[in-house]
Number of protein chains: 2
Amino acid sequence: MQRTNLKKLAQELNLSISTVSRALNDSYEIAADTKERVKQKAQELGYEPNPYASGLRSRKSKTIGLVIPEVANNFFSLAIDGVEEIARANDYHVLIYLTHESHEREATIIQHLAGGRVDGILMSVASESPDASHLATLVESNVPLVFFDRVGEGIATARVTTDDYASGYRATEHLVEQGCRRVAYLLISDTLSIGQKRMEGYRAALQAHGLPADAALIVPGTLDRDQNTRRIRELLEQDPAIDGIFASVETLAISSYEACQQLGRRVPEEVKIISFSNLATAAYLNPPLTTIRQPAYEMGKKAAEILFRAISRNRPVLPTQSAELQSTLVVRRSTGG
Amino acid sequence: MQRTNLKKLAQELNLSISTVSRALNDSYEIAADTKERVKQKAQELGYEPNPYASGLRSRKSKTIGLVIPEVANNFFSLAIDGVEEIARANDYHVLIYLTHESHEREATIIQHLAGGRVDGILMSVASESPDASHLATLVESNVPLVFFDRVGEGIATARVTTDDYASGYRATEHLVEQGCRRVAYLLISDTLSIGQKRMEGYRAALQAHGLPADAALIVPGTLDRDQNTRRIRELLEQDPAIDGIFASVETLAISSYEACQQLGRRVPEEVKIISFSNLATAAYLNPPLTTIRQPAYEMGKKAAEILFRAISRNRPVLPTQSAELQSTLVVRRSTGG
DNA sequence: CTGTTAGCGCCTTCAA
DNA sequence: TTGAAGGCGCTAACAG
């Protein structure tokens, strides 16, 4: 079946193409009854505007790009939800891209997006990304960009983050208050500013309590849980005094559980674990996992809102529009059952 | 900065637009050295073809639509991963849409997509969808469609599913073999064929073991965990003999844990729970959750592959291309620690 | 209030 | 092997 377009619609109605177009776009210069007639017919014939034609002409794609490291992760899943919500409210479409923590993939994706496929981009940078030079093309192409959670350095744009330093401090302090004397910090990459900030908080908290802060373990940006587990086990063997683990992502917390189990170290009696995580089932883990929960959904929403403000006003995204949301420490203790 | 287009490129090279276009598309009728020169220059000026112009002209959007109920769910997260993988391998983009189990949203999304924004669609229908009449427009518009996991009835197209009947049977039998005599079946909607098939397997297994099969509880398509928990608690109170729960989605398994905890029913001693789930942490739940794991990632890949085969050959997707993958029963017992 | 006209950037016959 | 020209479907400036 031939798809109905403006031309066909115009013929059926004995009107010109432009009149039909304006009627459908609710132009003020079209008579009310004409509008009605046109819309009626459009409905009848199941008219749906061709997005590529209008995109070409109007230079509006009605689409944003969402670039994230992975999706099998509760934080990003919730964030997607928030983004999609706002996008739909603005009548926009969402293209999703996964970098799998690869800088190269990220650069390729950005390169493509700079070609005008999207009106704006929301992104959380890959842990591998050494710098943000690949994002320069976006700036040149005037494609609005908003970072969320994992920000790129050196790009003057808005960033939606959580209080990484403060929560790193709080998490560490919580472990110390629970009696830990030697706390290890696990992160998957040392190029993420977010991990740095949390580590600063971690260091400061230990220092404030007169404890050494030299047990940081950087697990290279891997998504392989077994490998992470192995490295954590090695750390625990090399440094048997470790009685607290602060994991910056939930997958490292799970690996820590595994490592402790393999070494016969009881959690939480011998080793206490705390983690940044949005796991819905954290309370049902054995033992329950105390977490720092980020407002992932809200971050996705917020980032999208900032982006759409820029898009609709046709203005660049300013660094001053950045927002920092609060994360929450959720303490969960064993029920002893 | 003005985005470079074919015209500009042609001017710089003292060639015609069409020659440049053909060179970039590796046309056989362009001299090798000309191609080289053109590509060099394109690279130099950071030329990126305008997807809306080429989409309009070639009637290829290089984009597929992925329509799923939600994303904060391990099954769909993994599926997205598989889909994205195949899409990128085919140089395609992925538009993501969440129905939040709403039939209305699903219909609106489909309506939009039928307008030519995508070359094909992958979808898992919303639990609310009473029938598939809203998908008729897609068929009319010749937009290839592949269902995965949750299929729509009455549409002649390929579907990628798992062995729902067999796995429903196996799950139930497992509970019976563990000593359960009264097994409840939980599902979020009775309009999903997938839930029906699993229930048939459940019924057959109970029958084969000479047990009654009247404890099915249909929790209306809600994503509200508290509400689900309440309803399950009511079921357990009304029918105290229930000693086994077969949950068709992981969120209902978690609600079952909560309900049992609230009623002081010990799991797994008094009530055993099994669930369809792709939770990475199922082994660490307390008690560990025995699951039927679906090959989510592979399903996403498979569905995308079938779709791309149709797209690249410009032919409709045939029901005969359907695939049924195997799910796995993963038994996890309490470590008694 | 409505119609005519001119492209948006690209691909693709047709002609040279 | 390259160039010229038309048009994909839509929007917007300019007439009337």
Side-chain angles (χ1 to χ4, degrees), chain A residues 1-39 41-42 45-63 112 114-119 141-142 314, chain B residues 1-39 41-42 45-63 112 114-119 141-142 314:
Chain A
M1 194 186 93
Q2 178 62 31
R3 199 164 281 153
T4 57
N5 53 22
L6 283 186
K7 189 173 167 190
K8 188 169 174 185
L9 215 47
Q11 284 172 344
E12 296 262 342
L13 289 159
N14 276 326
L15 285 171
S16 75
I17 292 177
S18 55
T19 302
V20 175
S21 171
R22 276 182 287 221
L24 291 173
N25 289 315
D26 258 334
S27 166
Y28 67 98
E29 40 184 6
I30 298 291
D33 59 333
T34 310
K35 274 187 192 174
E36 206 43 60
R37 215 158 58 87
V38 171
K39 286 181 179 174
K41 199 70 175 180
L45 298 186
Y47 171 74
E48 197 66 40
N50 181 317
Y52 293 88
S54 57
L56 174 60
R57 182 61 235 240
S58 65
R59 280 140 193 308
K60 277 278 169 218
S61 65
K62 286 275 181 189
T63 306
H112 277 127
R117 189 176 287 271
V118 297
D119 294 345
S141 322
N142 293 318
N314 201 20
Chain B
M1 194 186 96
Q2 177 63 31
R3 198 165 282 152
T4 57
N5 54 21
L6 283 186
K7 191 174 166 188
K8 187 169 174 184
L9 214 47
Q11 285 172 344
E12 295 263 341
L13 290 159
N14 275 327
L15 286 170
S16 75
I17 291 178
S18 52
T19 303
V20 175
S21 171
R22 276 182 283 224
L24 291 173
N25 289 316
D26 258 333
S27 166
Y28 67 97
E29 40 183 7
I30 297 291
D33 59 334
T34 309
K35 274 188 192 172
E36 206 42 60
R37 213 159 59 88
V38 172
K39 286 181 179 174
K41 198 73 176 177
L45 298 186
Y47 170 74
E48 196 66 38
N50 182 317
Y52 292 86
S54 56
L56 175 58
R57 180 62 234 243
S58 65
R59 278 137 199 309
K60 277 278 170 219
S61 64
K62 284 277 182 187
T63 306
H112 276 126
R117 189 176 287 271
V118 296
D119 294 344
S141 321
N142 293 317
N314 200 22

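Order of the sequence lines sets the chain letters (A, B, ...), proteins ahead of strands, with each chain counted from 1.
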Engineer: Return the value, rounded to whole Å, for the distance between atom NZ of A:Lys62 and atom C1' of D:dC10.
Structural biologist: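 Taking NZ of A:Lys62 and C1' of D:dC10, I get 15 Å after rounding.
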Engineer: Could you check how far NZ of B:Lys60 sits from P of C:dT12, rounded to whole Å?
Structural biologist: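 Nearest whole value for this atom pair: 12 Å.
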Engineer: Rounding to an integer number of Å, can you tell me how far A:Arg59 CZ sits from D:dC10 P?
Structural biologist: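 In whole Å, D:dC10 P and A:Arg59 CZ are 18 Å from each other.
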Engineer: Any salt bridge (Lys or Arg N to Asp or Glu O under 4.0 Å) involving residues 24-36 of chain B? Give me the pairs, sequence neighbours left out, ordered by first then second residue.
Structural biologist: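 Output for this query lists B:Arg22-B:Glu29, B:Asp26-B:Lys35, B:Asp26-B:Lys39.
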Engineer: OP1 or OP2 of C:dT2 versus the side-chain N and O atoms of A:Thr34: is any pair under 4.0 Å?
Structural biologist: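 So the side chain of A:Thr34 is within the cut-off, an N or O lying under 4.0 Å from OP1 or OP2 of C:dT2.
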Engineer: Taking side chain to side chain donor-acceptor pair (under 3.5 Å) as the definition, give me every residue that meets it alongside A:Thr19, ordered by chain and number, with sequence neighbours left out.
Structural biologist: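 Result, side chain to side chain donor-acceptor pair (under 3.5 Å) vs A:Thr19: A:Ser16.
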Engineer: Could you run through nucleotides 11-16 of chain D and give me one letter per nucleotide, 5' to 3': B if any protein heavy atom sits under 4.0 Å from the base, S if only the sugar-phosphate is that close, - if neither?
Structural biologist: BBBB--
Engineer: Both A:Glu48 and B:Val20 contact DNA chain D. Which one's nearest nucleotide lies toward the 5' end?
Structural biologist: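 Its nearest nucleotide lies further toward 5', so the answer is B:Val20.
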Engineer: Taking A:Arg3 for the side chain and B:Ser141 for the main chain, is one N or O donor matched with an acceptor at less than 3.5 Å?
Structural biologist: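 Yes; at least one donor-acceptor contact below 3.5 Å.
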Engineer: Which angle, to the nearest 10 degrees, lies between the helix axes at the two ends of the helix from C:dC1-D:dG16 to C:dA16-D:dT1, each defined by five pairs?
Structural biologist: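 Terminal axis comparison yields 40°.
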Engineer: Report yes if a side-chain nitrogen or oxygen of A:Thr19 is closer than 4.0 Å to either non-bridging phosphate oxygen (OP1 or OP2) of C:dT2; otherwise report no.
Structural biologist: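 Answer no for this pair, as no side-chain N or O of A:Thr19 is under 4.0 Å from OP1 or OP2.
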Engineer: Measure the distance from CD on B:Gln11 to C1' on D:dA4 and round it to the nearest whole Å.
Structural biologist: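 Going from B:Gln11 (CD) to D:dA4 (C1'), I get 16 Å.
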Engineer: Which residue, A:Tyr52 or B:Leu15, contacts DNA chain D at a nucleotide closer to its 5' end, judged by nearest heavy atom?
Structural biologist: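 The residue mapped nearer the 5' terminus is B:Leu15.
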Engineer: Quick one: which residue pairs count as a salt bridge (Lys or Arg N to Asp or Glu O under 4.0 Å) with a foot in residues 48-63 of chain B, not counting sequence neighbours?
Structural biologist: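 Of all non-adjacent pairs touching residues 48-63 of chain B, none passes salt bridge (Lys or Arg N to Asp or Glu O under 4.0 Å).
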Engineer: Report the residue (A:Ser16 or B:Leu56) whose heavy-atom-nearest nucleotide on DNA chain C is the more 5′ of the two.
Structural biologist: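 Looking at the nearest nucleotide for each, A:Ser16 comes out on the 5' side.
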Engineer: Using whole Å, what does the distance between atom P of nucleotide C:dC10 and atom CZ of A:Arg117 come to?
Structural biologist: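 A:Arg117 atom CZ is separated from C:dC10 atom P by 13 Å.
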Engineer: Output the rounded distance in Å from OH (B:Tyr28) to P (C:dT12).
Structural biologist: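 Atom-to-atom, B:Tyr28 to C:dT12, this comes out as 12 Å.
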Engineer: Would you kindly give the CG-to-C1' distance between B:Leu9 and C:dC11, to the nearest whole Å?
Structural biologist: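 Rounded to the whole Å, the gap is 15 Å.
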Engineer: Whether the side chain of B:Asn50 engages the backbone of B:Tyr52 through a donor-acceptor N/O pair (distance < 3.5 Å, no angle test) should be reported.
Structural biologist: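 Judged by distance alone, yes, a pair lies under 3.5 Å.
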Engineer: Using side chain to side chain donor-acceptor pair (under 3.5 Å) as the criterion, list what pairs up with A:Ser54, not counting sequence neighbours.
Structural biologist: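 Partners of A:Ser54 under the side chain to side chain donor-acceptor pair (under 3.5 Å) test: none.
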Engineer: Roughly how far, to the nearest 0.5 Å, is the CG atom of B:Leu15 from the CD1 atom of B:Ile30?
Structural biologist: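 The CG atom of B:Leu15 is 8.5 Å from CD1 of B:Ile30, to the nearest 0.5 Å.
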Engineer: Is it true that a side-chain atom of A:Ser61 and a backbone atom of A:Gly55 form a donor plus acceptor pair closer than 3.5 Å?
Structural biologist: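 No; judged by distance alone, with no hydrogens or angles, the pair does not exist.
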Engineer: Rounded at 0.5 Å granularity, tell me how far CG in B:Asn5 sits from OH in B:Tyr47.
Structural biologist: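 Between B:Asn5 CG and B:Tyr47 OH, I get 7.5 Å after rounding to 0.5 Å.
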Engineer: Can you check the A:Leu13 CG to C:dG3 P distance for me, whole Å?
Structural biologist: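 Going from A:Leu13 (CG) to C:dG3 (P), I get 10 Å.
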Engineer: Looking at the side chain of B:Ile30, which of D:dT2, C:dT2, D:dC8 is the nearest nucleotide?
Structural biologist: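 So the nucleotide nearest the side chain must be D:dT2.
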